[in-house]
Amino acid sequence: MTPPFPQLDYLVIACHPDDAEIGCGGAILSLKAQGAKVGVLDLTDGEPTPHGSPDIRRRETEAATEILQLDWRGNLGLPNRSLVADLESRRLVATMIRQLRPRVLLTHYWADAHPDHVAASALVDAARFWAKLSKTDMAGVPHQPAKILYFPSMHLRLHLKPSFVLDVTPYHERKMQALACYHSQFIAGRPATPLTIFDDIIARARYYGWTIGALYGEPFLCREEIGVRDLRQLS
Ligand SMILES: [Zn+2]
């Protein structure tokens, strides 16, 4: 990844290619429809998997990126299956935050069965703090995103109590199109009959949509309070 980097409004930091799409594909499309600049930083290439390869994953990611209309997408090349929130990884992620300067970060919910997802969440927490440091040789400028929003892209089946649910009804179909780009992960070698991974993703979107009186919703958690400027926006 070489400069110049665009200045982003929102940066999704996800462990594996396809996690951003699962966890917040609808939010990305919603933000893009409102004119925000949105990027995704994938931490690993997600390989090895039973039906994937680095080349296949790269092509799938490019196709999904096109559908999401992202302003920027990069891959940090950290080790899949053995991601660790160590100092060197923190430095790499913090450097990307200092260069892309997003107002808000989105990343994995902090609890999961997948150790990479847990490490990614911790890594983003620490890198957000490091990104604002002065008197450092990290590239970019000191920058602290105002919030981290956490999305479930999970291997645990938990009932989460979200901080808020975003109505993604107008964007649900395109989110599913973006997910379908990841043929090696969701379709190859898997039964085509219910319950497919897509059935589960749609059911969760419908469930969280139900909680706010919408057709489809995406849940987000935040450790800090969420400010609201306009009560008429509540649903
Ligand atoms: Zn993942």
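Order of listing sets the numbers, starting from 1, for every ligand and every atom in it. Scope of the values below: all heavy atoms of this structure, side chains included, with no hydrogens, waters or symmetry mates. As the structure is a prediction and not an experimental result, all values here were calculated from the model. For the single chain, residues carry numbers from 1 onward in sequence order.
Of all N, O or S atoms in D19, the one lying closest to the Zn ion (ligand 1) is OD2. Minimum-distance N/O/S atom of H16 relative to the Zn ion (ligand 1): ND1.
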N/O donor to acceptor pairs below 3.5 angstrom from side-chain atoms of residues 154-162, sequence neighbours left out:
none

Give the table of side-chain donor-acceptor pairs shorter than 3.5 Å for residues 205-212, with sequence neighbours excluded, one pair per line with atom names and distance.
{"from": "R206", "atom 1": "NH1", "to": "A214", "atom 2": "O", "distance (Å)": "3.2"}
{"from": "R206", "atom 1": "NH1", "to": "L215", "atom 2": "O", "distance (Å)": "3.2"}
{"from": "T211", "atom 1": "OG1", "to": "Y208", "atom 2": "O", "distance (Å)": "2.5"}

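Between W72 and F5, the ring planes lie perpendicular to each other; the angle is over 60°, past the 30° to 60° tilted range. The aromatic rings of F186 and Y182 lie perpendicular to each other, with more than 60° between the two planes, well past the 30° mark.
The nearest N, O or S atom of H117 is closer to the Zn ion (ligand 1) than 2.8 Å.
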